[in-house]
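One structure below.
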Amino acid sequence: MYDHVVVHYSEIGTKSGNRAMFERALGRNIHEAIARFGRIDVRRETGRLSFSLKNIAPEDIDAVVETVARLPGVAWVSPAVRTEPTMDAMRAAVVALAQQHEGSFKISARRTEKTLPFRSRDMNVELGSAVNVATGRPVDVHNPDSEYRVGVDSKRAYVLDARRDGPGGLPVGVSGKVISLLSGGIDSPVASYLAMLRGCRVIAVHLWNQSYSGDGVREKVLKIGRQLARYHAPLRLEFVPFEEIQQEIIVAAPAELRMLLYRRAMLRVAGALRRKHKAGATITGDSIGQVASQTLPNLAAVYDAAEPPVLSPLIAMNKMDIVKIAQRIGTFEASILPGADCCGLLIARHPSTGTTAKRLREAEQDYDLDGLVAAALDGREVHQLEPE
Ligand code: ATP
Ligand code: MG
């Protein structure tokens, strides 16, 4: 019975100067995310976006609404019936909708133009009593089983059904591109997701030691990537071979420094890819003190090798809260699949927790990091992932 979907955004409404650009970006992202269900045209209307469901199969409407509700920048989404902006048309639509459900109900009507011949309060009374008479359902304004929102301006009215909350934030793309270092762990997918919520187009990069971690890790990281693609597709995921770099480090450096030197090498790879993709920042899943390589002195010593800014959305978050987000966004299950991360390779049982940048730079004198990074980039494997 629905013929439209109405999408409300949150923050982008506050950026008055860029509003049209933000609305267009969200419209494009909706269009792309829904393409697999059918062709839609997203329209910009005052303060909201809408699209017709005429090319969408009725059995897909739930999935369409759910898909849109996941997109960064969306405050809430609702399936809707669109009518002429007259009391008769709205009454017919809201009664038909209310006949589909049971229990108490409430009407929340809002006119957005003062020139309309009825006020919001008149609409609530008029539409509420029509539903009550037609269905026998009682009105309950405090704790209703269903709430029907009606939005009307001089051109059209929408009668909305239950709304589904989105994640808020900014539409992917409006903040430019970032390179996100994606391990097979719990944290970095969450960091990538949070960057998407701030409008970043994420290019995920995994450093991969094929002979050490094998295809299991590859499959695992692909799975994580496909989950992330539910928030913006296609997700570009690049596997960069890490074997040579690690071997050189193992030969050249004492065990307690290896992990930190691996990290510095990863940031170098990220920096090189940033230039290739014109990306504005490197994202990591670092969180202060979570593991030995993430003490403040070690973070400083590692980031010393990087082109700023290196941004870590999880830097001050607790593990429990990170896990909750990972579960909510659907990456947790893939993240806890078994699979040896490349960085377990010949590291010390007691890694250094207080290195200096100077010490790491000295260790790097013993190998040609720039050459190794360039060679690694040549061997990369690129995927464009769609949601599973
Ligand atoms: P995660 O759960 O993200 O793996 P972690 O707590 O295990 O995080 P580390 O293994 O110390 O942290 O890695 C710190 C960060 O370095 C990761 O969050 C990720 O951004 C990056 N990183 C680590 N290993 C890799 C890898 N193999 N490929 C790409 N990035 C990596
Ligand atoms: Mg890890």
Side-chain angles (χ1 to χ4, degrees), residues 178-195 200 202-214 216-218 220-222 224-225 227-228 236-243 245-246 249 257-274 281-296 298-299 301-303 305-306 309-327 329 331-345 347-348 351-353 355 373 376-377 380-381:
V178 296
I179 298 292
S180 186
L181 285 170
L182 186 70
S183 73
I186 295 168
D187 301 322
S188 46
V190 174
S192 304
Y193 171 73
L194 293 177
C200 298
V202 165
I203 298 171
V205 174
H206 180 76
L207 283 298
W208 188 38
N209 186 325
Q210 181 164 16
S211 28
Y212 177 71
S213 41
V217 165
R218 188 166 170 281
K220 176 177 167 166
V221 174
L222 282 169
I224 292 173
Q227 286 301 109
L228 288 173
R236 188 180 173 101
L237 168 60
E238 303 197 356
F239 287 90
V240 178
F242 203 42
E243 197 164 341
I245 297 180
Q246 284 190 297
I249 291 174
L257 296 185
R258 282 175 195 153
M259 180 64 98
L260 302 175
L261 292 167
Y262 295 164
R263 294 273 175 265
R264 283 172 67 100
M266 288 182 184
L267 290 174
R268 283 291 175 81
V269 168
L273 286 173
R274 264 166 67 178
T282 303
I283 305 287
T284 77
D286 289 322
S287 168
I288 298 171
Q290 200 192 79
V291 291
S293 58
Q294 295 169 17
T295 63
L296 280 181
N298 281 351
L299 286 173
V302 168
Y303 287 12
V310 177
L311 303 176
S312 307
L314 315 181
I315 200 72
M317 282 178 69
N318 300 325
K319 189 76 183 190
M320 244 173 48
D321 296 321
I322 299 170
V323 165
K324 272 192 207 140
I325 300 178
Q327 287 168 328
I329 66 174
T331 54
F332 183 76
E333 271 180 34
S335 290
I336 59 173
L337 291 171
D341 185 46
C342 63
C343 292
L345 194 56
I347 54 161
S352 163
T353 53
T355 332
V373 166
L377 289 197
R380 68 202 212 275
E381 174 190 307

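All ligand and atom numbering here is 1-based and tracks the order in the structure. Keep in mind the model is a prediction, meaning the values are calculated, not measured. If you read the sequence from its start, that first residue is 1, and numbering goes on from there.
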Is there a nitrogen or oxygen of Leu207 sitting under 3.5 Å from a nitrogen or oxygen of ligand 1?
yes
Pairing donors with acceptors under 3.5 angstrom, does anything connect the side chains of Tyr303 and Ser312?
yes
Could you tell me, atom by atom, which parts of ligand 1 come under 4.0 Å of a heavy atom of Ser293?
11 (O)
N/O separation below 3.5 Å, Leu181 to ligand 1
yes
Closest to atom 8 (O) of ligand 1 among Asp187, Leu299, Val302, Val310 (heavy-atom distance):
Asp187
Taking distance alone, with no angle check, do Met266 and ligand 1 share an N/O pair under 3.5 Å?
no
So, 4.0 Å and heavy atoms of Val205: is ligand 1 close enough to count as a contact?
yes
Are any of the N or O atoms of Val291 closer than 3.5 Å to those of ligand 1?
no
With a sphere of 6.0 Å drawn around CD of Glu333, does it hold more than 12 non-hydrogen atoms of other residues, nucleotides or ligands?
no
Would you please determine whether Arg263 falls within less than 4.0 Å of ligand 1 on a heavy-atom basis?
yes
At less than 4.0 angstrom from any non-hydrogen atom of Ile186, what atoms of ligand 1 do you find?
2 (O)
I'd like to know whether Leu181 forms a side chain to side chain contact (heavy atoms under 4.5 Å, CB included) with Thr282, so could you lay out the CA-CA distance, the side-chain angles of the two residues, the decisive distance to 0.1 Å, and finally the verdict.
CA-CA 7 Å; Leu181 285 170; Thr282 303; 4.2 Å; yes
Under 3.5 Å, is there a donor-acceptor pair linking the side chains of Thr353 and Thr295?
no
Flag side-chain contact, heavy atom, 4.5 Å: Glu243 against Ser211
yes
Audit row: Asp286, Arg263, salt bridge (Lys or Arg N to Asp or Glu O under 4.0 Å) steps and yes/no:
CA-CA 11 Å; Asp286 289 322; Arg263 294 273 175 265; 5.2 Å; no
For Gln290, is at least one N or O under 3.5 Å away from an N or O on ligand 1?
yes
State whether the shortest distance between N or O atoms of Lys319 and N or O atoms of ligand 1 falls below 3.5 angstrom.
no
Can Asn298 and Ser293 be counted as having a side-chain donor-acceptor contact under 3.5 angstrom?
no
Per-atom contacts, ligand 1 versus Ser188 - under 4.0 Å to a heavy atom:
1 (P), 3 (O), 18 (O), 19 (C), 20 (O)
Taking the six-membered ring for Trp, are Trp208 and Phe242 ring centroids under 6.0 Å apart?
no
Minimal non-hydrogen separation, Ser183 against Ser188, with atom names:
N-OG, 2.9 Å
Run the numbers for me: atoms of ligand 1, each under 4.0 Å from some heavy atom of Gly185, listed by number.
1 (P), 2 (O), 4 (O)
Compute whether any side-chain donor of one residue and acceptor of the other, for Ser287 and Gln294, lie under 3.5 angstrom apart.
no
State the atoms of ligand 1, each with its element, that fall below the 4.0 Å cut-off from a heavy-atom position in Thr284.
20 (O)
List ligand 1 atoms under 4.0 Å from Gly285, heavy atoms only on the residue side.
17 (C), 18 (O), 20 (O)
Backbone, side chain, both or neither: what part of Gln294 comes under 4.0 angstrom of ligand 1, heavy atoms only?
side chain
